[in-house]
Amino acid sequence: MSKKWYPVINYENCIECGACVEKCKNGVYEQNTTKPNAINPDGCIDGCRGCQNLCPAEAIDYVGDNGEQKTVNCGCSCN
Ligand code: SF4
Ligand code: SF4
């Protein structure tokens, strides 16, 4: 089954602050860089908006996002 929820970065808006990379503890983003690269979308927790909530540039959208707000425990301590 293909993954239904994972982050997509709008690089035109992204200021490469690294907040999303630093905060996600589920291994979605490549580490040790400030440029977000979602190398492991399978690690993303369905409905989590942890990195989107932190992004100062509104540069993160999700595949599968229909606007629904879920309460999820992603383990990132970033919601
Ligand atoms: S912080 Fe949450 S939404 Fe962002 S990549 Fe990690 S698990 Fe997915
Ligand atoms: S938090 Fe937003 S602006 Fe910062 S690196 Fe991630 S996508 Fe880019």
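Both ligands and their constituent atoms are indexed starting at 1 by order of listing. Note that the numbering runs from 1 along the sequence shown for the chain.
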Enquirer: How close do Asp65 and Arg49 get, heavy atom to heavy atom, and via which atoms?
Expert: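 Taking every non-hydrogen atom into account, OD1-NH2, 2.8 Å.
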Enquirer: Tell me, with the steps shown, if Glu22 and Thr34 meet side chain to side chain contact (heavy atoms under 4.5 Å, CB included).
Expert: CA-CA 8 Å; Glu22 184 179 338; Thr34 54; over 6 Å; no
Enquirer: Using non-hydrogen atoms of the residue, decide whether Tyr6 is closer than 4.0 angstrom to ligand 1.
Expert: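 Judged by the 4.0 Å heavy-atom criterion, Tyr6 does not count as contacting ligand 1.
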Enquirer: Do me a favour and list the nearest non-hydrogen protein atom to atom 3 (S) of ligand 2 with residue, atom name and distance?
Expert: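 Checked against all protein heavy atoms, atom 3 (S) of ligand 2 sits closest to Ile15 N, 3.5 Å.
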Enquirer: Do Tyr11 and Tyr62 land in one hydrophobic cluster if side-chain heavy atoms of ILVMFWY residues count as linked below 4.5 Å?
Expert: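 Both belong to a single hydrophobic cluster.
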Enquirer: Tell me, which protein residue and heavy-atom name are nearest atom 7 (S) of ligand 2, and how many Å apart are they?
Expert: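 Minimum-distance protein heavy atom for atom 7 (S) of ligand 2 reads Ile60 CG1, 3.6 Å.
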Enquirer: Just to confirm my output: which protein heavy-atom neighbour is closest to atom 6 (Fe) of ligand 2, and how far is it?
Expert: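 Protein heavy atom with the smallest distance to atom 6 (Fe) of ligand 2: Cys20 SG, 2.3 Å.
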Enquirer: Distance under 4.0 Å to a non-hydrogen atom of Tyr62: what atoms of ligand 1 satisfy this?
Expert: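 In order of number, 3 (S).
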Enquirer: Checking a contact table here: which protein heavy atom is nearest atom 5 (S) of ligand 2, and how many Å away?
Expert: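 Going by distance alone, atom 5 (S) of ligand 2 is nearest to Gly18 N, 3.2 Å.
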Enquirer: Between the candidates Gly43, Cys48, Cys51, Gly50, which shows the shortest non-hydrogen contact distance to atom 2 (Fe) of ligand 1?
Expert: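 That would be Cys48.
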Enquirer: Quick check on Trp5 - does any of its heavy atoms sit under 4.0 Å from an atom of ligand 1?
Expert: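 Trp5 does not count as a contact of ligand 1 under the 4.0 Å cut-off.
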Enquirer: Looking only at protein heavy atoms, identify the closest one to atom 8 (Fe) of ligand 2 and say how far it is in Å.
Expert: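 Going atom by atom, the protein heavy atom closest to atom 8 (Fe) of ligand 2 ends up being Cys14 SG, 2.4 Å.
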Enquirer: Any side-chain to backbone donor/acceptor pair from Trp5 onto Cys48? Under 3.5 Å, distance only.
Expert: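 Answer holds: yes.
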Enquirer: Which protein heavy atom lies closest to atom 4 (Fe) of ligand 2, and at what distance to 0.1 Å?
Expert: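 Nearest neighbour among protein heavy atoms for atom 4 (Fe) of ligand 2, to 0.1 Å: Cys17 SG, 2.3 Å.
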